[in-house]
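Heads up: the structure comes next, in structure tokens.
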Amino acid sequence: MNIGVIGGGQLGRMLALSGIPLGATFTFLDPSSDACAGATGELIVAPYDDAAGLKKLADVSDVITYEFENVPSATAEVLSKTVPVWPPAGALAVMQDRAREKELFAEVGMPAAAYREVDSDHALRDASEELGFPLVVKTRSEGYDGKGQMVVRDTPGIKGVVDKLGANLIAEEFVEFDREISVIAARTEAGDIAVYPLSENHHREGILRASFSLPDESGWPVAAEAKEYVTRVLEHLNYVGVLAIEMFEKDGKLFGNEIAPRVHNSGHWTIEGAVTSQFENHLRAITGRPLGSSEAIGYAGMVNLIGAIPEPIDVLSIPGAQLHLYGKEPRPGRKVGHITLLAFTREGLEVGLGRLAGVAGVTLPEERPGHK
Ligand code: AMP
């Protein structure tokens, strides 16, 4: 079976690394001739909306998926007339627009920060009168890793926001969260669902720095609630594949923030830290195979390598540490790999983190994982 993937970044590469043992082969479409997934399959070099490139991809693929959400949903729609495309184009369209995403949260009964759609300084001022400061102003589409958003703290701060971000915005309440978490789940066309233990996520400058699995769920009702919400979203969208919901936790309450219609950076720990990784379960889902167990194995921590690659020997000499390099040239702010630490106890994970803290080129979040 050949799987076509729109996008040839590290998520595509990790999909292939999990699918090759299942007998799958891969073809990627990416505008860049050095896209890092090219090491794991054929690469068609073409823009994402290039009709000839997409036709070539459809001709060689039994099923098509994507590894980032900014694929034009019209492209997915057109492709799906000749070859199955999962996740469905309709889900893609919702997740490309933060306002539609907010409507989806409301439809499934998931709380989210209050928001207003805004298109001018005047509308932003109105929103600030209703919602108060600070406000987080975000572009409705194409924002990622903290790009396309600004925090506005007072009335003078409103000036220039629309000039900078454009006029297609939402303004939402700033949530003073206790922590950021995400829930990742897979669904098959037959409706079977596997939900992973939640991840605790640490961002800096809008970029995910580290994620920790949260396998201890007893006495923590938030975990069951998050799993219920993700299940409702999957069913509501008739979704096939893996999906991630990023959320804020505040005083034991959840606020939905963002949904990604794809495998997610906060789920990289599942490669070693779950019975079946998010990548394999995505492939199982889109190829009509049964899902594997999403149960956690011990305690996992994942640290992104951003802009620098450590000396491999320094990482590999730490018991329980696994190094994943994406074959990308380091540049400031660029995700070039990750390290997963796996331990059978929380204390063991702490010991591993202590050792990882001393490795040049690795930056750990300031706060330690806040497992309950
Ligand atoms: P996003 O692109 O929506 O995932 O936002 C990137 C990061 O900005 C999040 O992971 C949060 O750390 C922060 N952020 C986004 N929205 C809010 C909000 N309403 N309140 C507080 N922090 C936010």
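Nothing fancy with the numbering, it's 1 onward along the sequence. Atoms within each ligand, like the ligands themselves, are counted from 1 in listed order. It should be emphasised that the depicted structure is a prediction, and the values quoted were computed from it without experimental measurement. Hydrogens, waters and symmetry mates play no part in the numbers below; they use all other heavy atoms, side chains included.
- The closest non-hydrogen atom to atom 9 (C) of ligand 1, taken over E180, Q149, E172, comes from E180.
- For ligand 1, the atoms lying closer than 4.0 Å to a non-hydrogen atom of K138 are 3 (O), 15 (C), 16 (N).
- A donor-acceptor contact shorter than 3.5 Å is absent between the side chain of T75 and the backbone of V71.
- A salt bridge does not link R125 to E129: none of the charged nitrogens lies less than 4.0 Å from a carboxylate oxygen.
- Between the choices T139, V175, N257, L208, the shortest heavy-atom distance to atom 20 (N) of ligand 1 belongs to V175.
- By the ring pair (Phe, Tyr, Trp, His ring centres under 6.0 Å) test, Y229 pairs with no residue at all, sequence neighbours left out.
- Less than 4.0 angstrom separates some heavy atom of H203 from each of these atoms of ligand 1: 10 (O).
- Scored by the ring pair (Phe, Tyr, Trp, His ring centres under 6.0 Å) test, Y115 finds no partners at all (sequence neighbours excluded).
- Using a non-hydrogen distance threshold of 4.0 Å, R98 registers as a contact of ligand 1.
- A salt bridge links E280 with R284: the closest approach of a Lys/Arg side-chain nitrogen to an acidic carboxylate oxygen falls below 4.0 angstrom.
- Judged by the shortest distance from any of its heavy atoms, F248 lies inside the 4.0 Å radius around the atoms of ligand 1.
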